Amino acid sequence: MTLSAMIGAWIAVFLTLSIFSYLYKDNPFYKIAEHVFVGVSAAYVAAISFWTQIYPNLLGRLFPKDGPLSFTGLEFDFNHSFNILYVFPLLLGLMMILSVFQKFNWMARWGIAYTVAIAAGLKAFGYLNSNVLNQVSASVVSLFGENLPFFNISGDSVFNNIVLLLGTISSLMYFYFSKEQRGNFGKLTRVGIYFLMISFGASFGFAVMGRISLLVGRFRELIAYSEPSYNYSTIWLLFLIIAFLFYHSIREKESNT
Amino acid sequence: MFVLTLSVIFIMLYEIRLTKFTDKLPFLRSIPGLKAIEEAVGRSTEMGKPILFVPGIMDMNEVETVAGVVVLGHVANMTAKYETELDVPVARAIVMQAARQVSKEAYLTQGRPELYNEDMVHYITDDQFAYAAAVNGIMQRDEPAACLYMGKFFAESLLFAETGNSIGAIQIAGTGSQTQIPFFVTACDYTLMGEEFFAASAYLSQEADLIAGITAQDLIKVILVIVILFGTVSRALFDLGLVSFDFITLIGI
Amino acid sequence: MILKRYIPIAIVAIFGSLTLSAWFIDNETIETFANDDATQFFDIIAAFAVFLGALNLLKLQFIKFIKKQKGWQYSAISILSFFFAFIIGFFIRGAYFVDDKVFFTQEAALESIIILDVSKEQQEEPYKVQENSFKNLSDAKDFAIKQNLITPVDWGAHVQKNGSLFQWMFKYIFSPLSATMFALLAFFVASASFRAFRARNFEASLLLLAGIIIMIGRVPAGGLISSWMVMYLIVLVSGLYIHYLKKKNNVTIIFTLAGFILVTIAGMITGWPIDKPSIFYLPLLQEWIYLVPNAAGSTAILMGIGLGIVVTSLRYIFGLEKSYLGE
Amino acid sequence: MIRNLENLIIKIGDVDRRVIFVLIGLAVLIPLLTPVSLPIRETPTTVKFYEGIEEIPKGSKVLVSFDYGPSTRPEIHPMNVAVLRHMLRNEHKVYISCLWPDGIYMALDALEDISDEFSLKEYEDYVLLGYRPGAEAVIKGLASDLRKVYTVDANGKFIDDIEMMNNVKNLNDFAYIYSGSAGYPGTFEWVKYGGDPTGVRMSSGTTSVQVNEVIPYVRSGQLIGLLAGMPGAAEYEKLVESPGIAIKGMAAQSFAHIVIVVFIIFGNIAFFLKQKKERKYSK
């Protein structure tokens, strides 16, 4: 058990228990863990994005080994070939940094404009194809297939297909904006809402299972770190945190009575 | 595929041209969530508490984040008018700059530049859960009267909604992230579900060109329903052997 | 004026239509641009933006710290942890390899190779590196480095290298924090479902029913509940509901009794199979719910979102919506 | 007597959130300390996933992608370990990619878990391509030309020097694509930019919460079966006979579920009783 793993385990247990203390109420331990998390993650993301983005992709492409700019002595060999186009993101990136000054605030607009442009251009078609087109062909159901039973709980059947057809169309009509939902159009959208509610209830049920399993993962790590080899870190820290919170709440009660 | 995209563009342009002839805005049904935003701003002013606006955790390369920032513009207009304190913690620096542009513009058009302060919109961190931890902290300590969540969300949506609920704030959510809609529906007071969220900016802007986009969407929806029904009928006939072709496989979607 | 207004709008129009058309025009340059460079450009700009964000974060925390506003001690903590992680990320390599053993600092790696031979201390050549020995520590160190017995990990790879200090920070600070924040959801999902799953109206009860059936049906314990138990439960609940509506005791008693008798007779005839009739056997019922009604609802939402995104994207490309640029 | 029973239920109906938190905590902790195992029943989507992999001709090239991080590890990691076991047992050549920055650490752990069981040799049984930022751009790049995205593998070795990579130009050279996905980028992007355009058979393991969003793809056949959350992982572990962590976690999950359902039922009964009481006073 190296020293670094030991220290690491104690830090991990302290931070884990401090975040869990939030369930009790907002307290100093949660504030500490929250601010450590914000500080560390901001720098962690800065490091990851520099070393996996700017360093290989930008510098790698502007200063490749014996590329045109290697007279400057700068060389970053990532097996990329030289690409002059990468001056454009360099320019927009620097402008983004300069926009921190009040006077150059407008400089961020170029970077924003480019980002929104590719959001609209790249994403729009993907959604049209996979979300709209494939789903339309999937919603066309066969009602008189050869060996299609009238009802069968797990597998294709005429009843299931009718429910699918009705459900898809009525829920789609709920999102129809140009008509007030009254009269028999209102009845159709009401059926649509029922299907949507079943769909939300189902995915909520799925979510409950997923979230519980994450708690299983955390408790397993806390149990692992409470072993003698980590000299009972979880038990010690749990005792200390609870004692401090207990004392803290008593002092608070006295101060406001 | 090219044909379909062209037809979507064509329908949109056709609808926009239609609005040129009548000066009356095309009719749109009411969306409860949007009316509730104005109420929420009013309530916060009375209670003298800030409004928290969370524009999602993704960057401007997501259409939902851009839509969220546009809705922020309209909310900033309201907070300028009612002189309410607005707090916008963001998880991406590009979103921070866009949100600042939008809110400064809103405060200028309302003629209240002195109320606008750049640090209303402030960066926390890029990481999803560190951002969620910080926003939870802000909610517990500043106790906003209204919390608006507009943009793309992942698992942390329930962290916001449950904390917001525990401090008794009005919560209005809008997102196109399908997996998170159920959490917002169960834990928030109002939810703009998927397409309602994308229509929100047009609703609030009351501009003919933008509302025309929505009527175009409605027209496409009707066409889709017709295609589905027609496809089902043709498949039924095909299965019964009365017809030799199946419409859907024919046009090869 | 042009720089501030027209060029950003032009950027949106040009790059928007360029990347949109890339799906249809199979011209080589546009295709490669849309498939690779377009997103790489964005990632680079976003990478620069992260530093802009970090500057803003530090500015606000410093102001709070210097002006001693409420909670300034915690701002000190976040500034300190930022610089702690920043130094590890940018200024310390954090991984020196001696064969396959890893050390965070060069000193530690050197100490593991250079052995102090006490017996030869008198003849002032105590430091041994493998076979050769040296008078003083610094010669031994230069020799070890020159022979590259210690191979430092190169810059950039140290953020992805197993065993580096950066990976230590990831393993013991960053990932426990994010995993625990995520695990909080297990508690919140429980309290949310407790509060939200109330049969206030018909829609809310549909939400409640679908949620509960999926929850019980998908877990092994759910498979043990036979469909007969479920039928008895339904009879009981509908009995209570009728009592709640009609308020007449005898009507409710007759109804529930008749229901029980009916279910028992059907059970006796078929010999109480655990999963027949299948529509009441929870694991199969939950399967049906998530494959049919749920699929219909999510297909409609998927289509709605798809349409919403397409029309909104076209709105941005055609410049109908420019407010995010401060227009 | 019924009076105070009703009041008790009403009190339970408005119980403070923290009581539920304590009960959920215990419901998960107790089964972990005293392991109790429950029978696992395979659902059709898991069986279809298992058969989808069995159908791949022996010794073909498969792509396994690690698209999750530490926070979603409990659900996805057991799946990816079981998939790796399944692939290597059928002597497939495994190529590992990661769309999430932390995926590289998850892949290294997974390989460590099974390395002694299969006496794995790098560049013979598997190639670790490693993490590349860019989300769907990476998939689009893999679909058109792998070497544009991966010029070097995770250890920094040039792709062209790796013998196993010789006849691998893009996704079409793979017989099967699997993505262990916890969100964005993940299953959605692999279907939209990987599976659909190239037609390569693919499937995915997802967190429970995504199952609902991914189901339409399973129904339309764009995904061959699916591993849905921890239950899916436990069922698949049973099918592949690789007893792992998921099966142990299932007991904890069952107890926690029962606690939640019991509270929901009490909540509803309390809700009805309170309404009955208010109606009596309001008359």
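Values below: all heavy atoms of this structure, side chains included; hydrogens, waters and symmetry mates excluded. The structure presented is a predicted model; accordingly, all values stated were derived computationally and were not measured.
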Which bit of [X] comes within less than 4.5 Å of chain C, counting heavy atoms only: side chain, backbone, both or neither?
X: A:Arg218; value: side chain
X: A:Leu23; value: side chain
X: A:Phe104; value: neither
X: A:Val116; value: side chain

Who among [options] has the most heavy-atom pairs with chain C under 4.5 Å?
options: A:Ile112, A:Leu196, A:Leu122, A:Leu92; result: A:Leu122
options: A:Trp10, A:Tyr55, A:Phe20; result: A:Phe20
options: A:Gly167, A:Ala9, A:Ala12; result: A:Ala12
options: A:Ile11, A:Ile19, A:Asn83; result: A:Ile19
options: A:Ile32, A:Val40, A:Leu172; result: A:Val40
options: A:Phe195, A:Tyr22, A:Trp110, A:Phe219; result: A:Trp110

Under 4.5 Å from any heavy atom of chain A, what part of [X] do you find: side chain, backbone, both or neither?
X: C:Ala38; value: both
X: C:Ile7; value: side chain
X: C:Asp37; value: both
X: C:Phe187; value: side chain
X: C:Leu57; value: side chain
X: C:Tyr316; value: side chain
X: C:Phe197; value: side chain
X: C:Leu302; value: both

Would you call the rings of [X] and [Y] parallel, tilted or perpendicular, where under 30° means parallel and over 60° means perpendicular?
X: C:Phe41; Y: A:Phe88; answer: tilted
X: A:Tyr194; Y: C:Phe202; answer: perpendicular
X: C:Tyr172; Y: A:Tyr225; answer: tilted

Step by step, work out the side-chain contact (heavy atoms from CB on, under 4.5 Å) result for A:Ser171 and C:Ile301.
-> CA-CA 8 Å; A:Ser171 327; C:Ile301 294 181; over 6 Å; no
Step by step, would you call C:Ile77 with A:Val36 a side-chain contact (heavy atoms from CB on, under 4.5 Å)?
-> CA-CA 6 Å; C:Ile77 292 176; A:Val36 164; 3.5 Å; yes
If every non-hydrogen atom of A:Val132 is compared with every non-hydrogen atom of C:Met303, which pair is closest and at what distance?
->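 In terms of heavy atoms, the two residues are closest at CG2-O, 4.1 Å.
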Which atom pair, heavy atoms only, marks the closest approach of C:Ala85 to A:Tyr44?
->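 Result for this residue pair: CB-N, 4.5 Å.
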Looking at C:Phe90 versus A:Phe50, is the centre-to-centre ring distance below 6.0 Å?
->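 Yes.
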Flag side-chain contact, heavy atom, 4.5 Å: A:Phe175 against C:Ile305 =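 A side-chain contact under 4.5 Å is absent here.
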For residues A:Ile54 and C:Phe51, determine if any side-chain heavy atom of one lies less than 4.5 Å from a side-chain heavy atom of the other.
->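 SC-SC contact between A:Ile54 and C:Phe51 confirmed.
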Return yes when atom NZ of C:Lys171 has more than 12 non-hydrogen atoms of other residues, nucleotides or ligands closer than 6.0 Å, and no otherwise.
->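 For C:Lys171, atom NZ is not crowded (no more than 12 foreign heavy atoms under 6.0 Å).
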Worked check of side-chain contact (heavy atoms from CB on, under 4.5 Å) between C:Ser178 and A:Phe37 = CA-CA 8 Å; C:Ser178 68; A:Phe37 198 8; 3.7 Å; yes
